[in-house]
**Student:** 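Supplied in structure tokens, the structure appears directly below.
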Amino acid sequence: MAKKTPTRAQAVAAAEQEQAPEQQPLVTPESESKAKPASHDTTPPQALLDFMMQGWKPQGGKPVPKMKNADVFEARRRELSKLFPGETLVIPTGHEKVRANDTYYRFRPGTDFYYLTGNMEPDCVLVLQPKEGSGHTDLLFVEPNPGRSDSTFFTDRVKGELWVGPRLGVKESQARFGVHEARGLPELQTFLEGLRGAAVIPTRVLRGHSGKVDSSVPEHTERDKQLATALSEMRLLKDKLEVRELETAIDSTHRGFEDVIRRLKAATSEREVEGVFNLRARVEGNDVGYGTIAAAGHHACVLHWTRNDGDIKKGELLLLDAGVEGNSLYTADITRTLPISGRFSKEQREIYELVLEAQNQAIAAVKPGNDFMEPNRVAMRVLAQGLYELGILKTTPEEALKEEHQFYKRYSLHNVSHMLGLDVHDCAQARQEAYKFGKLKAGMVLTVEPGLYFQKDDLTVPAKYRGIGVRIEDDVLVTKTGCRVLSEDIPRESRDVEDWMKQIWSEKK
């Protein structure tokens, strides 16, 4: 019996079924040069491949300019080099992370890697390789950019130029970031394997950013931890460039708050508030520095309320805790509690004024030589006294403040300060004796953010205060003689907040 010839449609269907790719694994992409196509892709025929490889304008021409402030990043690498003479240091930036199936979150470089290079591309790795004698060679592994010389520019949906945009390339990265040498990521694995063994130079790795790097270099827990600690402690003191970048992020955040106030008069949901603020963050910066907290009514009593799915109701308060992350990745962290109707009620104002007094006194305690915890102690004394006078605390402030009691924390919950910079909770790997239990020094930037939160079902609180949550947060630079509130232009006094809202609402459209 003669074999039946399939139709053209049947032949195409059979070919696609035969070539159908496996479903992409839900893993973070590393540095593979070619990624599998998605399950809904078709395999390009050879004729299309040949056609796509022709007829492109030659690339290149102008040399890549060195990045602005490259000397600052270079100085940071040299400072780190001095801390670990004769040792190899490996600092990866990390990879894109899966959001769902084969879609990814927007990439944000690893903080320490960015601090040392200024490079925003995913997958890259910085190595400080010790030189004979002293010092280190900066070695930057980056994704090569083959241009139109390799079909991956249109077939690779993870890294292909027509899918996600061009990478800078190897030689271009060396020129732009001012490193001693740049190499392609395909060379990284061989390089890392050369770091194994007892006879090789001691190596430290910044762990937790790249599974491939972590698995390629034997872990030395204490030594690796010391590298992470050193980088955090380097970032404790901000230089002039960092302060300027923080000020830029704070100015954008100020405008974002004013965007929210404009919308607040007609807004019906917390989601609207979040969206309005986040628009400013994307227009003027890289993104938000953390999940925007747009907490209306009793949601303000949940410290990290980021669901933002509640209603906006007249007569209630909106606690907006938000910060623009600038294009340089430095983030603001500001909280204002706004009366949705434009004016505080008597009870709301009482609580607001108490929190404001705690903040004012805490800010006054931000000065070099003071303990990092001193602003917190000052603020808690003010809050405990106020809670006692309001009849909420039944014990004396002195009793409530004792370490073995801490009764005031039922209503305040958190300490008032953390470091601020490239991360919203910056310098988290620093030693406690250099941070939490250390002294304030000129150049440190920290938040001051007391708050009171009266849960709607808390029977220890008079009914008139239940459901009220107030936090006021500002970003403060420690100076040689005291401090400077970087966010001082954003109104804080209750009357100033009301006037601010009234002014914005009266603007002509």
Side-chain angles (χ1 to χ4, degrees), residues 72-95 108-119 123-141 179-180 188 191-239 242 329 371-373 418-441 443-446:
V72 175
F73 294 94
E74 158 73 12
R76 293 168 184 168
R77 295 194 295 273
R78 301 286 67 80
E79 182 181 350
L80 181 64
S81 170
K82 291 175 183 177
L83 296 176
F84 299 101
E87 301 185 44
T88 301
L89 310 178
V90 182
I91 300 103
T93 190
H95 312 285
R108 198 273 195 189
T111 294
D112 292 308
F113 174 88
Y114 176 82
Y115 179 76
L116 295 169
T117 65
N119 187 340
D123 308 318
C124 302
V125 178
L126 173 68
V127 176
L128 298 191
Q129 192 173 28
K131 296 188 292 189
E132 289 187 14
S134 63
H136 287 78
T137 297
D138 304 333
L139 184 55
L140 184 61
F141 289 89
V179 293
H180 299 126
L188 177 62
F191 178 86
L192 294 177
E193 288 172 359
L195 300 178
R196 292 176 173 272
V200 299
I201 295 170
T203 301
R204 299 177 190 261
V205 176
L206 188 67
R207 301 277 171 181
H209 294 271
S210 171
K212 179 167 287 188
V213 171
D214 287 351
S215 63
S216 298
V217 184
E219 184 171 1
H220 298 279
T221 304
E222 191 56 36
R223 292 167 49 78
D224 293 340
K225 184 179 178 182
Q226 288 169 357
L227 173 60
T229 295
L231 284 163
S232 270
E233 292 185 8
M234 281 175 61
R235 300 203 328 270
L236 279 170
L237 300 182
K238 272 58 180 180
D239 57 35
E242 291 179 288
L329 304 187
D371 293 345
F372 171 80
M373 292 296 292
H418 58 77
M419 294 298 178
L420 183 69
L422 283 168
D423 289 331
V424 66
H425 296 151
D426 209 27
C427 312
Q429 302 303 314
R431 295 166 298 158
Q432 291 220 327
E433 58 266 33
Y435 183 170
K436 183 178 177 181
F437 300 126
K439 301 289 186 181
L440 294 173
K441 297 178 181 179
M444 290 180 170
V445 177
L446 61 151

**Student:** Ion pair present between R76 and D239, side-chain N to carboxylate O less than 4.0 angstrom?
**Tutor:**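 Yes, R76 and D239 are salt-bridged.
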**Student:** Is any NZ, NE, NH1 or NH2 atom of the basic residue among R78 and D138 found under 4.0 Å from an Asp or Glu carboxylate oxygen of the other?
**Tutor:**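 Here R78 pairs with D138 in a salt bridge, since their nearest N and O are under 4.0 Å apart.
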**Student:** May I ask you to test the V213-V205 pair for a side-chain heavy-atom distance under 4.5 Å?
**Tutor:**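 V213 reaches V205 side chain to side chain.
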**Student:** What about the rings of F191 and F141, do their centers lie closer together than 6.0 Å?
**Tutor:**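 Close enough - the centres of the two rings lie under 6.0 Å apart.
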**Student:** Atom OG1 in T111, atom CZ in R235: separation rounded to 0.5 Å?
**Tutor:**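 Result: 5.5 Å between the selected atoms.
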**Student:** Of the non-hydrogen atoms in K82 and P85, which two are nearest, and what is the gap between them?
**Tutor:**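 K82 and P85 have their closest heavy atoms at O-CD, 3.5 Å.
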**Student:** Taking E193 first and then R196, would you say they form a salt bridge - that is, a charged N and a carboxylate O separated by under 4.0 Å?
**Tutor:**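 A salt bridge is absent here (no side-chain N lies under 4.0 Å from a carboxylate O).
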**Student:** Kindly compute the distance separating CG (L231) from CG (L236), expressed to the nearest 0.5 Å.
**Tutor:**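 So the CG of L231 and the CG of L236 are separated by 11.5 Å.
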**Student:** Quick one, L126 and D112 - any side-chain contact, counting heavy atoms below 4.5 Å?
**Tutor:**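 No, too far: nothing below the 4.5 Å cut-off.
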**Student:** Is the side chain of T93 donor-acceptor paired with the backbone N or O of G110 at a distance under 3.5 Å, no angle test?
**Tutor:**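 Yes; at least one donor-acceptor contact below 3.5 Å.
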**Student:** Scan side-chain atoms only and decide if R207 and S210 contain a donor-acceptor pair under the 3.5 Å cut-off.
**Tutor:**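 Looking only at side-chain atoms, S210 and R207 do not form any donor-acceptor pair under 3.5 Å.
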**Student:** Is there a side chain to side chain contact (heavy atoms under 4.5 Å, CB included) between L195 and T88? Walk through the geometry before answering.
**Tutor:** CA-CA 9 Å; L195 300 178; T88 301; 4.1 Å; yes
**Student:** Hey, do the aromatic rings of F372 and F437 have their centres closer than 6.0 Å?
**Tutor:**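 Ring centroids of F372 and F437 are no less than 6.0 Å from each other.
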**Student:** Does S81 reach the main-chain N or O of R77 with its side chain, forming a donor-acceptor pair under 3.5 Å?
**Tutor:**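 Pair absent, no side-chain N/O of S81 close to backbone of R77.
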**Student:** What's the separation between atom CG in D214 and atom CD in E219, rounded to the nearest 0.5 Å?
**Tutor:**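 That separation rounds to 7.0 Å.
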**Student:** Nearest heavy-atom pair of L140 and N119: which atoms, and what distance?
**Tutor:**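 Answer, listing the atom of L140 first, then N119: CD2-ND2, 4.0 Å.
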**Student:** Going through the checks in order, is the side chain to side chain contact (heavy atoms under 4.5 Å, CB included) test met by L128 and L139?
**Tutor:** CA-CA 6 Å; L128 298 191; L139 184 55; over 6 Å; no
**Student:** Run the numbers on D123 and K212 for salt bridge (Lys or Arg N to Asp or Glu O under 4.0 Å), then give the verdict.
**Tutor:** CA-CA 10 Å; D123 308 318; K212 179 167 287 188; over 6 Å; no
**Student:** Between M419 and Y435, which heavy-atom pair has the shortest distance, and what is it?
**Tutor:**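 Closest pair (atom of M419, atom of Y435, distance): N-OH, 2.7 Å.
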**Student:** Quick check for you: to the nearest 0.5 Å, what is the distance between Y115 atom OH and L422 atom CG?
**Tutor:**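 Reported value, rounded in 0.5 Å steps: 8.5 Å.
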**Student:** Using every non-hydrogen atom in the two residues, find where H136 and H180 come nearest and quote the distance to one decimal.
**Tutor:**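 Minimum heavy-atom contact is O-CE1, 3.7 Å.
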**Student:** Is there side-chain contact between H418 and D426, with heavy atoms separated by less than 4.5 Å?
**Tutor:**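 No, too far: nothing below the 4.5 Å cut-off.
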**Student:** Let me see the working for K439 and D371 under side chain to side chain contact (heavy atoms under 4.5 Å, CB included), right down to the final yes or no.
**Tutor:** CA-CA 4 Å; K439 301 289 186 181; D371 293 345; 2.7 Å; yes
**Student:** Could you report the tightest heavy-atom contact between Q429 and S232, atom names first, then the distance?
**Tutor:**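 Smallest heavy-atom distance, with atoms named: N-OG, 3.1 Å.
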**Student:** Shortest non-hydrogen contact from K238 to V445?
**Tutor:**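 Closest approach of K238 to V445: CG-CG2, 4.2 Å.
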**Student:** To the nearest 0.5 Å, how far apart are CG in L446 and CG in L440?
**Tutor:**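 Going from the CG atom of L446 to the CG atom of L440 covers 6.0 Å.
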**Student:** Looking at K225 and H220, would you say the former's side chain and the latter's main chain have a donor-acceptor pair under 3.5 Å?
**Tutor:**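 No.
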**Student:** Taking atom CG of L83 and atom CZ of R204, what is their separation to the nearest 0.5 Å?
**Tutor:**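 L83 atom CG to R204 atom CZ measures 9.5 Å (nearest 0.5 Å).
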**Student:** Salt bridge check: are R223 and E87 linked by an N-O gap of less than 4.0 Å?
**Tutor:**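 A salt bridge links R223 with E87.
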**Student:** Under the criterion side chain to side chain contact (heavy atoms under 4.5 Å, CB included), I'd like the reasoning laid out for L206 against D224: C-alpha separation, chi angles, the key distance, then a yes or no.
**Tutor:** CA-CA 6 Å; L206 188 67; D224 293 340; over 6 Å; no
**Student:** Given side chains that start at C-beta, do those of T117 and F73 come closer than 4.5 Å, heavy atoms only?
**Tutor:**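 T117 vs F73: side chains apart.
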